[in-house]
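The first residue of the sequence shown is numbered 1, and numbering continues consecutively from there.
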Amino acid sequence: MPRRPAPDAGPPLLVACALGIERFALRGGERGAGNPPAITLRTGMGPQAAERALAKALADGARTADSPVIASGFCAGLAPGMRPGDVVVAETTRDHRPDAPEVVCRDNGPLLRALRARGLTVHTGLLCGSDHVVRGAARAALHATGAVAVDMESAATLRAATRTGRRPVAAVRVVVDAPEHELVRIGTVRGGISAFRVLRSVFPVFFEWHRSLLLPRR
């Protein structure tokens with residue numbers, strides 16, 4: 001079950017991830033005095049599960065009706081030179097279905113600045129969706145379409161979020177494997193640990209993004 005905000009809190013930030021290990025990492029970064037309310041939602045693995053869980057969470061009472069949504073967790077990097085622990089901030093997300101429209105993430109500036117200020121290597125661009133684990137030649141083919149990374153849930157999550165009305169959305173993923181660092185190879189456990197540590201460290205940046213959305217627009 002997602003963690004719920006206090007009854008007198010405003011619309012909470014909704015952070016969606018697929019796996020228990022991702023939720024464990026993200027919830028480790030939630031704590032801190034003065035942080036706005038947040039819900040860390042584990043959707044389950046795959047685009048269909050992500051879409052169903054997100055739609056249900058947004059329909060579950062008026063408190064989440066206007067929640068900004070971040071899709072987070074791990075991803076596979078597609079570009080040569082990417083390494084475990086690099087961060088991907090989506091400019092757009094696109095579903096695995098060929099006719100699916102892209103979702104544009106319009107409020108990325110505060111995320112990018114805050115992540116880079118922490119000394120993290122950040123990539124931005126198209127985050128592509130898939131309904132299966134992508135490896136080898138399929139990974140190269142996705143990169144050739146302009147995608148910088150791929151995961152199974154972000155595009156479906158943001159599509160479900162924007163279907164219910166206009167709201168700020170973002171996707172922030174940590175690279176757990178990449179063309180030269182695939183998880184099937186011995187020695188990538190260290191890369192997985194690096195990715196976990198980075199994922200745990202980025203949650204305060206989500207709060208900064210949430211606060212920036214509340215500032216008056218000039």
Side-chain angles (χ1 to χ4, degrees), residues 2 11-19 22-23 25-26 36 38-60 63-78 87-112 114-115 122-134 142 145-176 199 202-203 205-210 212-214:
L13 172 65
L14 183 55
V15 181
C17 59
L19 304 177
E22 294 169 332
R23 187 167 184 252
L26 289 164
I39 295 171
T40 306
L41 174 70
R42 180 183 174 186
T43 65
M45 191 172 178
Q48 290 79 21
E51 190 166 358
R52 285 194 302 268
L54 202 283
K56 183 178 185 301
L58 292 177
D60 188 17
R63 297 204 61 78
T64 55
D66 298 318
S67 286
V69 173
I70 294 182
S72 194
F74 300 123
C75 69
L78 300 176
V87 180
V88 174
V89 177
E91 292 180 349
T92 56
T93 60
R94 185 177 64 211
D95 203 319
H96 63 284
R97 298 173 300 180
D99 59 341
E102 292 184 354
V103 174
V104 180
C105 303
R106 303 183 186 279
D107 302 284
N108 278 341
L111 285 170
L112 292 168
L115 290 165
V122 183
H123 308 267
T124 186
L126 171 62
L127 178 58
C128 192
S130 177
D131 60 357
H132 61 278
V133 176
V134 177
L142 283 178
T145 70
V148 297
V150 59
D151 74 274
M152 290 195 285
E153 295 84 25
S154 290
T157 296
L158 299 196
R159 187 178 67 248
T162 56
R163 185 180 295 140
T164 61
R166 292 180 61 85
R167 73 177 69 244
V169 295
V172 180
R173 293 272 172 172
V174 178
V175 174
V176 73
L199 185 60
V202 300
F203 208 105
V205 175
F206 300 168
F207 287 129
E208 293 181 35
W209 178 73
H210 192 187
S212 76
L213 300 174
L214 303 176

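In this structure, the side chains of His123 and Arg173 stay at 4.5 Å or more apart for every pair of heavy atoms. In this structure the side chain of Cys75 reaches within 4.5 angstrom of the side chain of Val175, judged on heavy atoms. Between Leu115 and Val172 there is a side-chain heavy-atom pair separated by less than 4.5 Å. The closest side-chain heavy-atom distance from Ser72 to Leu199 is below 4.5 Å.
The neighbour count for Arg163 CZ, taken as heavy atoms of other residues, nucleotides or ligands under 6.0 Å away, is above 12.
His210 NE2 to Leu14 CG: the interatomic distance, rounded to the nearest 0.5 Å, is 10.5 Å. Note that the CG atom of Leu142 and the CG atom of Leu78 stand 6.0 Å from one another [nearest 0.5 Å]. With rounding to the nearest 0.5 Å, the separation of CG in Leu19 from CZ in Arg23 is 12.5 Å. Taking CG of Leu41 as the reference point, atom CG of Leu58 lies at 9.0 Å (rounded to 0.5 Å). Interatomic distance, Ser130 OG to Glu153 CD, rounded to the nearest 0.5 Å: 9.5 Å. Once rounded to the nearest 0.5 Å, the distance linking CG of Asp131 with CE of Met45 reads 11.0 Å.
The minimum heavy-atom distance linking Val150 with Gly129 is given by the pair CG2-C, 4.3 Å. Of all heavy-atom pairs spanning Ala156 and Pro47, the tightest one is CB-O, 3.4 Å.
Side chain of Arg167 to backbone of Ala161: a donor-acceptor contact under 3.5 angstrom is found. The backbone N or O of Ala90 lies less than 3.5 Å from no partner atom in the side chain of Thr124, so there is not a single donor-acceptor pair. Judged by distance alone, with hydrogens and angles left aside, the side-chain atoms of Thr157 form no donor-acceptor pair with the main-chain N or O of Ala50 at under 3.5 Å. Checking side-chain atoms of Glu22 against main-chain N and O of Phe74 turns up a donor-acceptor pair under 3.5 Å.
Phe206 meets the ring pair (Phe, Tyr, Trp, His ring centres under 6.0 Å) test with Phe203; sequence neighbours excluded. Listed by chain and residue number, Ile70, Asn108, Leu111, Trp209 satisfy the side-chain contact (heavy atoms from CB on, under 4.5 Å) test with Ala170 (two or more places apart in sequence, or in another chain).
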Worked check of side-chain contact (heavy atoms from CB on, under 4.5 Å) between Leu126 and Glu102:
CA-CA 9 Å; Leu126 171 62; Glu102 292 184 354; 4.2 Å; yes
